[in-house]
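When a residue number appears, it is its place in the shown sequence, counting from 1. In this text the structure is predicted, and so the values were computed from the model without any measurement.
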Amino acid sequence: MADVTRQLQAAISALQKQDLKIAIALCEQIISIAPDNADAFHINALALKNIGQLADAEKCFIRSLQLLPNQPAVLSNLANLLMNQGRVPEASSYFEKSTSLPGNNTEAWYNWAVWLNKYQSFDMALDIINRAITAGAKSPKLLIVQGSAYQNIEEFEQALSSFEQALAMQPNDHNILHHKASTYRMMLNPQKALQEFQKLLNMGHSYPELFFNIGCVYYDLHDMDMAIRNLKQAIELRPDYVAALEALSKLYWENDHTDEFLKVYDTSLSAYPDSIVLHYSYIALLMMAEQNQKAIQALEHAVERFNGEHRFLHALAVLKEKNGETNEVMSLLQQAVQQQPTNSRYQIDVANSYIEQESYSLALQHLNIAQKAAPLNQEILAYQGVCWRLTGDPKEEWLNNYQQLVSAEYLDVPPGYSDLTQFMAELRSALNSMHKTVNQPLDQSVKGGTQTVGRLLNDPRQVIQEFRRVLFERIQRYIEQLPDDPSHPFLSRNSREFRVTGSWSVRLKEGGFHTNHVHPLGWLSCCNYITVPKQISAADPNQAGWIKFGETSLGLGIREKIGKSICPQEGLSVLFPSFMWHGTNLFSSDQYRMTIPCDISPILRSLK
């Protein structure tokens, strides 16, 4: 028994030092002579998890619990393992057991809430935190998770309350103060956010994330000089700070300082020449800016330098496909998939290649793999629908059902306006003041136009809040009339409750359009037309400027099909499932076309 105790202590020490193979070997020795030692199975499970042997780790966790069922730490660690694999209901059952046992279960409550936040189950995360606080597990880090959940559902006053409670317990905690300042930025109150960030500077804090966020606040305030200064300060403190490098490059691009675009990467790449993340970020921006030849040269160099690392292989395949150099595309994608078989992006792009080759059954096989890895990814549904249509499978009509699921109605007129025309005119005036950039966003589907930043519906201006109210009434009517179908990937998620998870304004100029796309992270999407040029007409046989549904971004030629088209009209609100392909036709006009698109998610109050 003394030898077992010494070996167990040695295994724990090896685990703490990350000598994982030694920890595993010691645990196996203990198990061979003491097969009922629950602690040995627990330590072995943790070591196996850390080297990526997840199935074996799970078996060891379960064996430890079979030997000694009421172990809060083991239950919580097993729940973490399952959450990491996306097995949310199973994991929650183990968290439930862990938190129901006597003792201080703050860590289990905390981990449970963190994971639910990660899976965007914010209402459930809040329920867990409230239960934890009722059980006496209140702590600053629980309150931070609570505040973050409130941020994500745009209950900003509640978020501020959570952070204030956390600050009462830890008054000078810079992390909590940072969260509080960020909340004001989300509330579209950049002046207040700047005041809060300034407090951190006054306390002597100087870290990259602080200057990055201050730079973003100055961007919100349209003070580009101060935005650039602070983003540069963040990069000076951390030359490999990708978020700041990308933000500064995009700022230069959108404000027509294209001579400065990507220059900021020169120093960083010189300082960190072996950083895969830096090289990939630089190349991704080249691709967004459609500097394709330069991007291909950089990718070919990166593939050689980093021994065929999957990110560069995938990006090179995407660019070669775009340039019509299709011979190597499938080989590059297959190499990337071999390295990352559960990467949904790679599986989707392999499927795309098979669709182009008319190998629809193979495409569906890869889409099924992608769906297991990312079950809510709407892009997968979009491509499945394409395969079903091209093989004559009636599931395509069941999935898309354009006539029932695409809805176009005029918004109601709020009190105080004589008609919809006056309401749209005042809304248009407010939106025009928010379009400050010159060039289109690098990473959006907008071509020949500009897009506002931040969540538009959080703007406190009266006309925008009136628009928010009538829009919410419109959305509620739509989801209330949807039919029930528990097998349909869109209809089955309809809880009859919703929240808007993204809102912005797009202003297209002459020749502007949206490329065909879907909203991968959405559920329900919406486009509201605020300004429509007179050249866009229901009588136009060419349907210039119309929104179209069903045509993909794959360029399938005669295999493409438009399922439905709608002529935009001022005040018209169009709702449709986020997986539906949609885009706009080119139009010619000396007037802008302005819209407010939104993404909408269902509120789910229980695990499914």
Side-chain angles (χ1 to χ4, degrees), residues 378-379 382 385-386 389 396-397 399-411 420-421 424-425 427-428 431 435 440-441 444-452 467 471 474-475 478 503-519 522 524-600:
Q378 303 297 289
E379 191 177 2
V386 172
R389 177 176 64 78
E396 188 272 333
E397 291 185 9
L399 175 70
N400 287 309
N401 194 355
Y402 298 108
Q403 299 311 311
Q404 185 173 55
L405 299 181
V406 178
S407 169
E409 292 182 5
Y410 287 100
L411 293 166
L420 192 59
T421 299
M424 289 296 109
L427 184 56
R428 179 163 51 247
L431 294 174
H435 281 272
Q440 66 216 32
Q444 300 294 335
S445 65
V446 178
K447 301 298 179 185
T450 60
Q451 182 168 310
T452 59
F467 168 77
L471 174 63
R474 158 89 174 108
I475 296 167
Y478 171 86
S503 53
W504 59 99
S505 173
V506 172
R507 190 172 67 176
L508 294 179
K509 52 192 174 185
E510 180 174 359
F513 63 103
H514 281 286
T515 56
N516 295 326
H517 65 289
V518 300
H519 296 185
L524 175 64
S525 294
C526 180
C527 186
N528 303 282
Y529 294 93
I530 313 305
T531 302
V532 178
K534 60 180 182 294
Q535 287 83 359
I536 296 177
S537 165
D540 180 8
N542 296 316
Q543 299 184 348
W546 287 32
I547 184 171
K548 54 189 174 181
F549 296 92
E551 187 179 71
T552 80
S553 63
L554 296 177
L556 300 178
I558 60 171
R559 289 184 288 159
E560 292 286 6
K561 182 180 178 181
I562 296 174
K564 186 169 185 172
S565 296
I566 295 172
C567 178
Q569 300 290 330
E570 287 187 6
L572 192 68
S573 175
V574 181
L575 286 160
F576 53 93
S578 298
F579 63 75
M580 280 189 181
W581 286 103
H582 59 286
T584 59
N585 296 323
L586 283 165
F587 70 94
S588 296
S589 173
D590 57 1
Q591 297 177 291
Y592 284 108
R593 194 201 75 163
M594 189 183 296
T595 60
I596 299 178
C598 303
D599 277 335
I600 300 141

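A donor-acceptor pair is defined here as one N or O able to donate and one able to accept, closer than 3.5 Å; no such pair exists between the side chain of W546 and the backbone of L586. Looking only at distances, no side-chain donor or acceptor of Y592 sits under 3.5 Å from a matching main-chain atom of V532.
Atom CD1 of I547 is separated from atom OG of S565 by 9.0 Å, given to the nearest 0.5 angstrom. Interatomic distance, CZ of F576 versus CH2 of W581, reported as 12.5 Å (0.5 Å rounding). Atom CG of N528 and atom OG of S505 lie 10.0 Å apart (nearest 0.5 Å). The structure places CD1 of I600 at 10.0 Å from OG of S503, a figure rounded to the nearest 0.5 Å. Between the CE atom of M424 and the CE atom of M594 there is a distance of 11.5 Å, given to the nearest 0.5 Å. Here the CG atom belonging to L411 is positioned 12.0 Å from the CD atom belonging to E570, to the nearest 0.5 angstrom.
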Full working for side chain to side chain contact (heavy atoms under 4.5 Å, CB included) between I562 and F549
CA-CA 6 Å; I562 296 174; F549 296 92; 5.9 Å; no
Evaluate the side-chain hydrogen bond (donor to acceptor under 3.5 Å, both in side chains) criterion for residues N401 and E397: first the C-alpha distance (whole Å), next the side-chain angles of each, then the deciding distance (0.1 Å), finally the verdict.
CA-CA 5 Å; N401 194 355; E397 291 185 9; over 6 Å; no
If you apply the rule side chain to side chain contact (heavy atoms under 4.5 Å, CB included), what do you find for I596 with L427, and how did you get there?
CA-CA 10 Å; I596 299 178; L427 184 56; 4.1 Å; yes
Step by step, would you call V406 with L575 a side chain to side chain contact (heavy atoms under 4.5 Å, CB included)?
CA-CA 6 Å; V406 178; L575 286 160; over 6 Å; no
Determine whether C567 and Q543 satisfy the following criterion, side chain to side chain contact (heavy atoms under 4.5 Å, CB included), listing intermediate values before the conclusion.
CA-CA 7 Å; C567 178; Q543 299 184 348; over 6 Å; no
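Using a 30° and 60° split on the angle between ring planes, H517 and H582 fall in the tilted class, from 30° to 60°.
Considering T531, I530, I536 as possible partners of R593, the one that fulfils the side chain to side chain contact (heavy atoms under 4.5 Å, CB included) test is I536. Here the options are T584, N585, I566, the test is side chain to side chain contact (heavy atoms under 4.5 Å, CB included), and the partner is K548; only N585 passes.
A side-chain N or O of T552 and one of E560 form a donor-acceptor pair less than 3.5 Å apart.
Pairing each heavy atom of V506 with each of P597, the nearest pair is CG2-CG, 4.2 Å. Minimum heavy-atom separation, G583 to N516: CA-OD1, 3.5 Å.
Between E409 and R474, at least one side-chain N (NZ, or NE/NH1/NH2) sits under 4.0 Å from a carboxylate O, which counts as a salt bridge.
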